[in-house]
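The structure appears below as structure tokens.
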Amino acid sequence: NGGVTDTKNLRVKLVLLGDSGVGKSCIVLRFVRGQFDPTSKVTVGASFLSQTIALQDSTTVKFEIWDTAGQERYAALAPLYYRGAAVAVVVYDITNPESFAKAQYWVKELQKHGSPDIVMALVGNKADLHEKREVQFQDGIDYAEKNGMFFIETSAKTADNINQLFEEIAKRLPRPSP
Ligand code: GDP
Ligand code: MG
């Protein structure tokens, strides 16, 4: 499951949820490979990637990242995907208010059916497109605070806040007792 191995080396299942096209796959590729491919079309095909980060206290966290192959279009399949996840990253596009509404739907879904101790992050992606912004930073942070989530705005294109997103999640993971 999304469990842990020992006190110094954590291994966690992380899933991304959110509308198709908000940049979930690009966030993962930026984090894991340091790349952004502007010509990539909406993702097809499942993918599984992992990336390990080290924290200041010498803990390592191995993220096992499940990226959807468009299952976000089929709400009925979602529980299979987020089952056992220790972390859910719910993504919207700051230029697209519908994607923000959909993110709120996913948060409610996870509250109802996700693991009770799941760590949830709300991510406003495409922050580089500030001239097209339609979802205000304050609206994102207000919603996240009400729901006990960590909030951040990112850009997979410029890499802004991508590593910070995963570092902040790592810091919030429940630690096993020694
Ligand atoms: P997914 O369906 O949520 O996995 O979305 P993708 O990762 O496939 O990205 C969808 C589209 O958004 C692609 O054309 C990306 O190039 C674009 N995109 C993703 N992230 C960003 C970003 O941070 N800024 C900008 N400007 N475009 C992005
Ligand atoms: Mg994708």
Side-chain angles (χ1 to χ4, degrees), residues 2 12-51 53 63-110 113-114 118-141 143-144 147 149-169:
V12 296
K13 174 179 173 180
L14 180 151
V15 295
L16 293 111
L17 290 164
D19 257 354
S20 187
V22 297
K24 299 182 296 299
S25 298
C26 287
I27 288 170
V28 174
L29 286 179
R30 173 58 86 181
F31 173 56
V32 175
R33 301 212 181 117
Q35 295 170 351
F36 178 78
D37 178 1
T39 62
S40 80
K41 297 287 176 264
V42 170
T43 324
V44 282
S47 77
F48 175 84
L49 289 165
S50 73
Q51 176 73 310
I53 63 171
F63 289 109
E64 296 178 342
I65 304 173
W66 297 45
D67 187 19
T68 67
Q71 290 101 323
E72 60 266 48
R73 295 197 183 86
Y74 307 103
L77 296 181
L80 295 173
Y81 169 72
Y82 58 68
R83 182 169 59 197
V87 180
V89 175
V90 180
V91 185
Y92 66 90
D93 168 353
I94 67 151
T95 72
N96 180 346
E98 279 173 27
S99 74
F100 184 52
K102 196 59 183 288
Q104 297 179 23
Y105 161 85
W106 286 118
V107 171
K108 292 192 190 92
E109 181 81 7
L110 288 162
H113 306 298
I118 196 165
V119 173
M120 288 197 278
L122 182 66
V123 175
N125 189 44
K126 308 199 187 182
D128 57 288
L129 300 177
H130 34 78
E131 72 288 355
K132 290 189 185 163
R133 177 189 287 275
E134 291 196 33
V135 181
Q136 298 309 311
F137 181 88
Q138 196 62 43
D139 293 334
I141 203 162
Y143 184 80
N147 289 278
M149 304 170 79
F150 169 65
F151 177 68
I152 196 165
E153 285 190 350
T154 58
S155 169
K157 184 174 181 178
T158 66
D160 204 33
N161 275 347
I162 297 292
N163 288 338
Q164 287 84 342
L165 163 63
F166 290 91
E167 279 163 21
E168 289 299 327
I169 289 167

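Side-chain atoms are counted along with the backbone in the values below, which use heavy atoms only and exclude waters and symmetry mates. Counting convention: from 1, in listed order, for ligands and their atoms alike. We count residues from 1, following the sequence as given.
- The shortest N/O to N/O separation between Ala156 and ligand 1 falls below 3.5 Å.
- Residue contacts with ligand 1: Asn125 is placed with a nitrogen or oxygen under 3.5 Å of a nitrogen or oxygen of the ligand (distance criterion only).
- The distance criterion of under 3.5 Å between nitrogen or oxygen atoms is not met by Thr154 with respect to ligand 1.
- Annotation: side chain of Leu49 is in contact with side chain of Arg33 (closest heavy-atom distance under 4.5 Å).
- Gln164 CD: more than 12 foreign heavy atoms inside a 6.0 Å radius.
- The part of Asp128 lying near ligand 1 is the side chain, judged by heavy-atom distances below 4.0 Å.
- Distances from atom 10 (C) of ligand 1 to the heavy atoms of Ser20, Gly18, Gly21, Gly124 put Gly21 nearest.
- For ligand 1 and Ser25, the ligand atoms under 4.0 Å from any heavy atom of the residue are 4 (O), 7 (O).
- The residue Val91 has no part lying near ligand 1, judged by heavy-atom distances below 4.0 Å.
- Asn125 contributes a side-chain N or O that, together with a main-chain N or O of Val22, makes up a donor-acceptor pair within less than 3.5 Å.
- Residue Cys26 has at least one nitrogen or oxygen atom sitting less than 3.5 Å from a nitrogen or oxygen atom of ligand 1, judged on distance alone.
- Checked by atom type and distance alone, the side chain of Lys24 pairs as donor or acceptor with a backbone atom of Asp19 at under 3.5 Å.
- Taking Tyr92 as the reference, Phe100 meet the ring pair (Phe, Tyr, Trp, His ring centres under 6.0 Å) condition, with sequence neighbours excluded.
- Because the distance cut-off is set at 2.8 Å, Ser20 fails to qualify as a neighbour of the Mg ion (ligand 2), as none of its N, O or S atoms comes that close.
- Here is the list of ligand 1 atoms found below 4.0 Å of a heavy atom in Lys24: 1 (P), 2 (O), 3 (O), 4 (O), 5 (O), 7 (O).
- The ligand atoms of ligand 1 that sit less than 4.0 angstrom from a heavy atom of Asp19 are 3 (O).
- Without hydrogens or angle criteria, Arg133 side chain to Ala127 main chain gives no donor-acceptor distance under 3.5 Å.
- Close approach of ligand 1 to Leu129 is summarised as follows: ligand atoms under 4.0 Å from at least one heavy atom of the residue are 26 (N).
- Applying the ring pair (Phe, Tyr, Trp, His ring centres under 6.0 Å) rule to Phe166 yields the partners Phe31, Phe63; only residues at least two apart in sequence or on another chain are considered.
- The closest donor-acceptor contact from the side chain of Asp93 to the backbone of Thr95 lies under 3.5 Å.
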